[in-house]
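Before any comments, here is the structure.
No hydrogens, no waters, no symmetry mates; every other heavy atom, side chains included, goes into these values. Everything numeric here is computed off the predicted structure, so don't read it as measured data. Per chain, numbering begins at 1; letters A, B, ... match sequence-line order.
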Amino acid sequence: MALYEENDVYISNSISRKKELFTALNAPNLGLYVCGPTVYSDVHLGNCRTFISFDLVYRYLTHLGYKVRYVRNITDAGHLENDADEGEDKISQRARLEQLEPMEIVQKYTLGFHGVMSRFNAFPPTIEPTATGHIVEQIDMIQKIIDEGFAYEKNGSVYFDVKKYNESNDYGKLSGRKIEELISGTRELDAQSEKESPLDFAIWKKASPSHIMRWNSPWGIGFPGWHLECSVMSTKYLGDEFDIHGGGMDLKFPHHECEIAQNKASNGSEGPRYWMHGNMLTLNGQRMSKSTGNTLLPHELFTGETDKLEKGFAPTIARFFMLQAHYGSQLDFSSDALLAAEKGYHRLMAAYRKLASLEPSAESTSEFKVAEWHKASYAAMNDDFNSPILISQLFEATRTINSWENKAPLSASDFKLLKESMQAFIFDVLGLEDIGAQGSGQKLDDVINILLDLRKQARDDRDFSLSDAIRDKLADAGIEVKDGKDGSTYSISL
RNA sequence: GGUUCCGUGGCCGAGUGGCUAGGCAGCGGUCUGCAAAACCGUCUACAGCGGUUCGAAUCCGCUCGGAACCUCCA
């Protein structure tokens with residue numbers, strides 16, 4: 001029996017605003033689509049948080065035995081600068097600025113994105129489609145939407161007719177908006193605008209002569225609209241109806257609202273059955289955002305080369321920090337919070353290493369009930385991927401493990417369950433990495449053990465100035481000596 | 001202005017109509033040559049004011065404060 005058959009997973013579905021029991025359309029197959037980045041500049045930590053959140057989702061569902069097709073797009077066609085569907089797209093703008101081909105910009109920042117995600121130990125998606133690689137499919141979808149009567153062509157551009165759509169559908173159901181309120185809240189339309197209503201959005205845009213990224217279409221030379229690619233690529237690879245669609249909270253409106261409309265208008269289905277939205281990472285209480293410049297870049301975090309942090313932090317520690325909050329809550333990034341997470345992380349990892357080196361006993365005499373703990377740990381993740389609760393479970397185990405000496409007071413089967421679960425939760429599900437692990441080199445391990453032997457000798461001889469010097473100098477080198485009843489161990493912090 | 005969400009102890013963060021996570025820091029112990037680590041014990045809570053209830057931090061209303069969206073943004 002697969003794990004997913006014995007674990008009922010509940011997901012906060014944005015569209016119903018309720019926690020719902022998740023059922024896969026075609027178990028064990030499962031489709032997950034996540035909106036990826038626009039590759040016109042470096043990704044910042046806010047972007048990373050969303051992708052780490054969905055990496056957790058992907059990892060847990062995979063852990064449960066689902067065969068997940070995980071699609072995450074790369075937006076490389078360039079979105080426009082503003083609401084009026086006017087102006088230059090961001091990739092072209094950046095290309096001009098850096099004096100590169102647009103596709104060089106795309107390549108540069110795509111590689112950067114991949115590099116960063118890999119440092120955070122996030123799995124790559126199983127399919128990573130690009131918008132420019134799906135122009136033909138986008139043109140097809142536009143044509144379908146026109147054929148169904150939900151879009152109109154104007155001077156070489158095509159616009160989605162939101163009012164028309166809303167007559168037979170509910171535009172705004174995801175974000176809880178009413179079309180009347182949206183209209184009344186809109187500023188006066190430019191006299192220039194071709195749109196029949198301010199709510200209409202471009203699904204194909206005529207290219208001005210200076211526009212670099214351009215393709216042929218039945219409506220002339222142009223480029224696809226902002227929201228179309230996700231509709232096209234999600235349904236192409238996952239089907240007209242599929243399981244889960246994720247993305248950042250900021251994409252809920254209008255991006256995801258438009259996706260639903262496009263899906264419904266073109267194929268009659270709204271697409272995903274579960275919508276998941278990751279919440280924002282804030283810096284100084286304000287959302288990180290490329291356009292406002294309130295950002296922290298991954299390399300600044302890793303190296304500490306920023307006035308926003310006291311020191312650098314390893315990627316896995318930032319990951320651990322993020323997973324200590326629920327993906328649906330806002331999280332503020334601060335030095336103090338990172339520092340606290342770092343200490344907790346090291347304690348957890350040290351306990352795991354200790355566990356791995358212990359032996360079981362004949363029978364379980366510990367008050368720590370492994371089976372109950374195991375069950376509660378799964379229950380945490382089943383409840384809308386509640387990683388903070390899972391982590392609190394891991395710390396419960398940590399305290400217990402640390403109190404043991406020599407042998408674990410557990411039967412072989414309990415011990416095996418605890419060890420394998422800790423391993424699975426820490427590394428497979430949470431995706432953490434043990435940067436303080438011994439064996440960062442057998443030779444280094446040997447050398448440190450020689451030093452620890454020398455120190456023991458000095459202590460036995462009551463030559464404490466020598467033994468303390470060894471301890472302090474190792475500490476300076478980032479190697480912490482820990483004295484226990486049965487001799488000394490060490491851990492390396494980076 | 002409209003829509004949505006949040007306000008938890010020194011800090012970070014879960015959760016919830018009665019059984020009151022966890023991390024970090026503090027305090028008191030145990031251990032240690034000293035320290036660190038580790039363990040044990042312990043102190044700080046649910047923004048304010050009303051209401052519903054046998055009982056609310058949890059539900060409802062109001063007030064105050066903050067955030068996201070309503071323009072591209074994870």
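- Listed candidates were B/C70, B/G23, B/A74. Nearest to the side chain of A/T38 is B/A74.
- Between the side chains of A/N284 and A/T282, not a single donor N or O lies within less than 3.5 Å of an accepting N or O.
- If you take CZ of A/F320 and P of B/C24, they are 9 Å apart, rounded to a whole angstrom.
- The A/P254 side chain lies nearest to B/C70 when the options are B/A68, B/A14, B/C70.
- For the 3.5 Å distance criterion, the side chains of A/Q93 and A/Y40 fail to qualify, holding no donor opposite an acceptor.
- Checked for salt-bridge contact, A/D468 and A/R471 meet the test: a charged N lies under 4.0 Å from a carboxylate O.
- Note: CE (A/M117) to C1' (B/A74) measures 10 Å, nearest angstrom.
- Note: CD1 (A/I391) to C1' (B/C12) measures 12 Å, nearest angstrom.
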Heavy-atom contacts, protein to nucleotides 29-35 of chain B, under 4.0 Å, summarised as B (base), S (sugar-phosphate only) or - (none) per nt, yield ---SBBB

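- As a whole-Å value, the separation of A/K343 NZ from B/C12 P is 16 Å.
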List, with names and distances, any nitrogen or oxygen atoms from the protein found under 3.5 Å away from nitrogen or oxygen atoms belonging to nucleotides 9-11 of chain B.
none

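- Annotation: of the two residues near RNA chain B, A/C48 and A/F395, the 5′-most nearest-nucleotide partner is A/F395.
- The closest donor-acceptor contact from the side chain of A/R72 to the backbone of A/P37 lies at 3.5 Å or more, if one exists at all.
- In this structure, A/D42 places its CG atom 18 Å from P of B/C73, rounding to the nearest Å.
- Taking the centre and axis of the six-membered ring of A/F313, the NZ or CZ atom of A/K311 falls inside the cone set by 45° and 6.0 Å.
- Scanning for side-chain contact (heavy atoms from CB on, under 4.5 Å) contacts around A/M280 gives A/M249, A/D250, A/R287, with sequence neighbours left out.
- Within 4.0 Å (heavy atoms only), A/A341 reaches no atom of the nucleic acid at all.
- Distances shorter than 4.0 Å separate some side-chain N or O of A/K290 from OP1 or OP2 on B/A74.
- Residue A/Q324 places its side chain closer to B/G23 than to any other of B/C73, B/A14, B/G23.
- When both distances must be under 3.5 Å, the Watson-Crick or G-U wobble mate of B/G7 is B/C64.
- Here B/G13 is the nucleotide among B/A38, B/G13, B/C40 with the atom lying nearest to any side-chain atom of A/D332.
- Look at B/U44: it lacks any Watson-Crick or wobble partner with both distances under 3.5 angstrom.
- One finds no side-chain N or O of A/N386 lying less than 4.0 angstrom from the OP1 or OP2 phosphate oxygen of B/A14.
- Considering only the side chain of A/L182, B/C70 comes nearest among B/C70, B/A74, B/G22.
- Between A/W404 and A/F368, the angle of the ring planes goes over 60°, which puts this pair in the perpendicular group of the 30/60° scheme.
- As the counterpart of B/C59, B/G51 is assigned, both hydrogen-bonding distances of the Watson-Crick or G-U wobble pattern falling under 3.5 Å.
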